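Heads up, the thing below is written out as structure tokens.
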2 protein chains.
Amino acid sequence: MTSTSRPEDEHPTDPVGFESHDHASCIAAAIAEAEAHCAREGLRFTPVRRKALEILLREHRALGAYEMLDALREAGFGSQPPVAYRALEFLVGNGFAHKIERLNAFIACAHPGAHHSPAFMICRACDSVAEAQATPARGALGAAARAAGFQIERTVVEAEGLCPTCSDKADT
Amino acid sequence: MTSTSRPEDEHPTDPVGFESHDHASCIAAAIAEAEAHCAREGLRFTPVRRKALEILLREHRALGAYEMLDALREAGFGSQPPVAYRALEFLVGNGFAHKIERLNAFIACAHPGAHHSPAFMICRACDSVAEAQATPARGALGAAARAAGFQIERTVVEAEGLCPTCSDKADT
DNA sequence: ACACGAACTGTTATAATATGACAAGCACCT
DNA sequence: AGGTGCTTGTCATATTATAACAGTTCGTGT
């Protein structure tokens, strides 16, 4: 990358999602971070995996596996479903992307590097998705899990509703 | 039903799920409640819908749509996917059942009648599911939504981990 | 440099999950 | 009886996902 990536990242707890970004720099930064992380961990950030992450970052929305497959094929990679699913599995498994269960779709992680419990806000009108941080173990769910003796390893937290833009349109 | 449904319902916030129940009475109570609710709301609690709810209650676990379809077919109903999906859509839409997004499966509601934001604990070893109450709008997610101007209409909260039983086995 | 094992890629084939569309039936209203 | 809308059953198809295997590449030990 040509400059240190510092778009307007003043608020680290920002939802990061229903606003516009400096895409070019955030893509470059995220790729660089993924590369560094893989180097540290001995993971292989192969061309198809890198391309898949680039595609997710560039689209900046939740992509179905077959949309990813189309994009990868256009980029010269294999054209069968496992190509996409395997790249996505790698990205999700290493925290570079998340699966949105509600949409059966995948999106680049907005807070890469940080160990986190992501939460998503999904607009039912335009399907845009924003990532936020959840603290699921702290609320009622955490209490219920402790009471039941359930050991939480991972959480899926997805809110469905209207994003600001679509909400404004609906008012009209 | 033959008696007022009061198994050991002392703790309304109970996880209700990794313990044994009086199935016969809880099934009868839930069916009666659904029937009453439909009567009040002018909904048609038709044979296939009733049967589908009975099946979910009897199995007391998350069932895939095709498992439901098999069970409905055995009960003499139609044998094509829309039969199951439509019955499930009715049950979910009216709060008698929930979809577990993580499993692409459906489970009877453990707190029927109450307007609630369900949360689920899913055991990754035995696929058992317990329902708890979440208060997603109150935690970090709610704060992020307010900050972003996102209007939450519905939430999916699913925790994956080990249930007490499987956790004990793992220790051995 | 070379052999080895592990991981990765691409492929074929198939499984599992889900929906669109249409005709026939039934419930309710007039 | 006739009309309206919801429900059911069916056929057909779309969408999402995985199993299995052969060939290749990568890193390692020699």
Side-chain angles (χ1 to χ4, degrees), chain A residues 34-35 38-53 55-56 61-94 96-107 122 124 127 156 158, chain B residues 34-35 38-53 55-56 62-94 96-107 124 127 156 158:
Chain A
E35 188 151 11
C38 288
R40 275 196 306 278
E41 305 283 327
L43 301 166
R44 291 166 61 182
F45 197 46
T46 61
V48 66
R49 292 168 177 177
R50 169 189 297 260
K51 192 67 187 180
L53 181 53
I55 290 162
L56 286 182
R61 65 190 177 93
L63 285 186
Y66 282 72
E67 288 182 278
M68 173 60 75
L69 180 56
D70 288 344
L72 289 174
R73 179 175 38 230
E74 279 171 23
F77 295 95
S79 59
Q80 299 303 317
V83 169
Y85 281 101
R86 285 193 291 229
L88 289 166
E89 182 182 29
F90 174 86
L91 297 178
V92 170
N94 292 287
F96 305 134
H98 301 290
K99 180 170 188 182
I100 309 295
E101 298 289 342
R102 193 69 214 298
L103 302 177
N104 293 320
F106 301 84
I107 193 165
I122 307 167
R124 67 167 159 79
D127 274 359
V156 172
E158 298 173 1
Chain B
E35 187 151 11
C38 288
R40 275 196 306 277
E41 304 283 328
L43 301 167
R44 290 166 61 183
F45 197 47
T46 61
V48 65
R49 292 168 177 177
R50 169 188 297 259
K51 192 68 188 179
L53 181 53
I55 290 163
L56 286 182
L63 285 187
Y66 282 72
E67 288 182 279
M68 173 60 75
L69 180 57
D70 288 345
L72 289 174
R73 178 176 38 228
E74 279 172 22
F77 296 95
S79 60
Q80 299 301 316
V83 170
Y85 281 101
R86 285 192 293 229
L88 290 166
E89 181 182 28
F90 175 86
L91 296 177
V92 170
N94 292 288
F96 305 135
H98 302 291
K99 179 170 189 182
I100 310 295
E101 298 289 342
R102 193 69 213 299
L103 302 177
N104 293 319
F106 302 82
I107 194 165
R124 68 168 158 79
D127 274 359
V156 171
E158 298 173 1

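Quick note on labels: first sequence line is chain A, next is B, and so on, each numbered from 1. Everything numeric in this text was worked out from a predicted model, so none of it was measured.
At distances below 3.5 Å, not a single donor-acceptor pair connects side-chain atoms of A:Arg61 with backbone N or O atoms of A:Asp127. Of the possible polar contacts, one joining the B:Glu158 side chain to the B:Glu101 backbone as a donor-acceptor pair under 3.5 Å is found.
The CG atom of B:Leu91 sits 6.5 Å away from the CG atom of B:Leu56 when rounded to the nearest 0.5 Å. Note that NE2 of A:His98 is 13.0 Å distant from CG of A:Leu88, once rounded to the nearest 0.5 Å.
Between B:Lys51 atom NZ and D:dG9 atom C1' the separation is 19 Å, expressed in whole Å. Distance A:Arg50 CZ to C:dC8 C1': 16 Å, rounded to the nearest Å. Rounded to whole Å, atom P of D:dT8 lies 17 Å from atom CZ of B:Arg73. The nearest whole Å value for the distance from the CD atom in B:Glu41 to the P atom in D:dC6 is 16 Å. Between the OH atom of A:Tyr85 and the C1' atom of C:dT17 there is a distance of 11 Å, rounded to whole Å. Separating the CG atom of B:Asn104 from the C1' atom of D:dA14 is a distance of 15 Å, rounded to the nearest angstrom. The CG-P distance, from A:Leu63 to D:dT15, rounds to 15 Å in whole Å. The distance from atom CD of A:Glu101 to atom P of C:dA18 is 12 Å, rounded to the nearest whole Å.
Note on A:Lys99: a side-chain N or O is less than 4.0 Å away from OP1 or OP2 of D:dA17. At the phosphate of D:dT8, OP1 or OP2 sits under 4.0 Å from a side-chain N or O atom of B:Thr46.
Here D:dA17 is the nucleotide among C:dA18, C:dT9, D:dA17 with the atom lying nearest to any side-chain atom of A:Phe106. Comparing D:dT8, C:dT19, D:dA17 by their closest approach to the side chain of A:Pro81 singles out D:dA17. Of the candidate nucleotides C:dT11, C:dT19, D:dT10, D:dT10 has the atom nearest to the side chain of B:Gln80. The side chain of A:Arg86 approaches D:dA20 more closely than any other nucleotide in the set C:dA18, D:dA20, C:dC8. Comparing C:dT11, C:dA18, C:dG20 by their nearest atom to the side chain of B:Pro82 picks out C:dG20.
Residues B:Arg49 and B:Gly78 both approach DNA chain D. Their nearest nucleotides, taken by heavy-atom distance, put B:Arg49 toward the 5′ side. Along DNA chain C, the nucleotide closest to B:Leu103 and the one closest to B:Arg44 are compared, and the more 5′ of them pairs with B:Leu103.
By the criterion of a centre-to-centre distance under 5.5 Å and near-parallel planes under 30°, the ring of B:Tyr66 forms a stack with the base of C:dT17.
Classified by interplanar angle (parallel below 30°, tilted 30° to 60°, perpendicular above 60°), the ring pair A:Phe96/A:Phe90 is tilted.
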